Amino acid sequence: MQQPKNFKRLLQALAKQGLDVTYNDRTYSVRLKDSSEFDRQDACPTNTSAKTAEILLPEGFPVEAKALKQLANLAQIRHPAGGFVCKCCATPDFHPGDAGVAIGSIVQTEGMVIPAAVGSDINCGMRLHVADLSLEKFLQKRDRFVQLMKGDYFFGTRDVAMTAKTSRALFQYGIPGWLDAMLDAPTGSIVKSNLHQLADEIDRVYLGGSMNGDWKWAPEELVPDTGIVRDGGLATIGGGNHFVEIQVVEEIEDKATAFVWGVRQGQLAFTIHSGSRNVGKYIGGMWRDRAQSAWPKHLKYPDYRLFPLSVTANPNLVREYLQAEATAANYGFINRLLLAELLRLRLREVYGDLAAPLVYDLPHNITLFEGNRWVIRKGACPAHPQQPVIIPGSMGTTSYLLIGKGNSEFLSSASHGAGRVRSRFDLNREGADKSEEALGLTGVDCITLREERRIEEAPAAYKPIQPVIDVQIAAGLVGVVARLKPVLTFKA
DNA sequence: ATGTGC
């Protein structure tokens, strides 16, 4: 396989930063500089962090030096009390992140967690439903449906109010405990009419949609002592690459698996990509700062400024961080559930009673304990054997439902999308070609209140999905179950 | 990612 386009230039840029990169059979290997100042500051005993980080990349696409540098930084994080990185790797939607951690990075640690590696967008993830409705019938009443959804997603026309008790249960327990608490929800609250189906679908949510949270970490105004909570952030899509998309199941590749998962050719489908909104921002930001404050006072900050929390040095802080992260994760699971429920209710309202079951819901921005170690995925899906994996293309291209293969070389993970190739700034700047053709928007039905969102998130902003999927199949990360074609996309 | 900022 040939080397990527900008390989030589990349080597030069990275050599200046003390990084050595090789390319072999679909995979980059970033070798880190051997000695750092850090080594001399403190006896970091027997354990040292990873010396290499592997990246799976689609053939013929450039990769940014900034992203490689960020991955190298992540790989060499360690804590003087003994925490270290066991393994670090990246998926083919790899690109630089704003907060110092590249999207598509996966890091396995021992003895430490890294709040900054998860970042603000805690439990960002993907949720897929199928619906027993043909594309033809859907399009007949498309305008009415879109009008109703715009109200729900952009203007909050549906009541998602909760009692104080229910709000606390949401943060504390995630989906199951929250559904229990919903039994006494105010009348008119949207999930009340469908509690049984939502309970039946819990086993199709990663971790059962439940982590060990504590409402004490939630923003104060969302966990009052008594009264009704009206949270303007809940059941909203959010910005950036988040979306809700109506799709059609275009083609089944793995018939047996699709049958078991309840997916059939010609069905309508909808995919939700969203996370924990402001709650994750609040908790992620708080803990990034707390991890920095907990860094040993007598040591200089490491130059990458990504601070781990050590199990040996600060066991309580590690426990509390994981609980705080879980609190935001619970909110993320329920946000996606509500976005889907709003859509399912409107489908039934417009097209009559129809089945629209959940296929799967999985996070791609989260710390998970797997095989006795922490695995932190930043824009990467878990892809364990037999597990459903959802990888969306841009709003103009195919999305994929896949089955995980549990490739340990890539820490049982897969990409969470195609990966951005052009920055928002680049696409929006003066003088840029903003024609439909140049942006790949021809024939794309994008519902948004903001024109700049269509431009920032246009198909031209992303890699084509096909090579991104192909390289992951070739490397044994996933197998294709079904292809989903976009029909229309909601972007906030 | 974020009622944002190159």
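A note on names: the letters A, B, ... follow the listed sequences, proteins ahead of strands, and every chain is numbered from 1. This one's a predicted model, so the numbers in the text were calculated from it and none came from an experiment.
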Open item on the list: Any salt bridge linking A:Glu370 with A:Arg377? Criterion: basic side-chain nitrogen under 4.0 Å from a carboxylate oxygen.
Closed with: yes

Gap between atoms [atom1] and [atom2], on [X] and [N] respectively (whole Å):
X	N	atom1	atom2	value
A:Phe425	B:dT4	CZ	C1'	14 Å
A:Lys66	B:dC6	NZ	P	11 Å
A:Asp231	B:dG3	CG	P	11 Å
A:Asn278	B:dT2	CG	C1'	6 Å
A:Leu234	B:dT2	CG	P	14 Å
A:Glu456	B:dG5	CD	P	13 Å
A:Ile455	B:dC6	CD1	P	20 Å
A:Glu64	B:dC6	CD	C1'	15 Å

Task: Qualifying side-chain hydrogen bond (donor to acceptor under 3.5 Å, both in side chains) pairs, either residue in residues 104-114 of chain A, two or more places apart - done: A:Glu110-A:Arg373

Touch class at under 4.0 angstrom, heavy-atom based, for [X] against every strand present:
X	value
A:Gly239	sugar-phosphate
A:Gly238	sugar-phosphate
A:Arg277	sugar-phosphate

Ignoring backbone atoms, test whether [X] places a side-chain nitrogen or oxygen under 4.0 Å from the OP1 or OP2 oxygen of [N].
X	N	answer
A:Arg450	B:dG3	no
A:Asn428	B:dC6	no
A:Arg424	B:dT4	no

TODO: For the pair A:Thr157 (side chain) and A:Asp152 (backbone), establish whether a donor and an acceptor sit closer than 3.5 Å, ignoring hydrogens and angles.
DONE: yes

Open item on the list: Quick check: any donor-acceptor pair below 3.5 Å linking the side-chain of A:Arg453 to the base of B:dT4?
Closed with: yes

Open item on the list: Under the rule for ring-ring contact (aromatic ring centres under 6.0 Å, His included), what residues qualify as partners of A:Phe243, not counting sequence neighbours?
Closed with: A:His273

Open item on the list: Minimum heavy-atom separation for A:Pro388 and A:Leu362, please, with both atom names.
Closed with: O-CD1, 3.8 Å

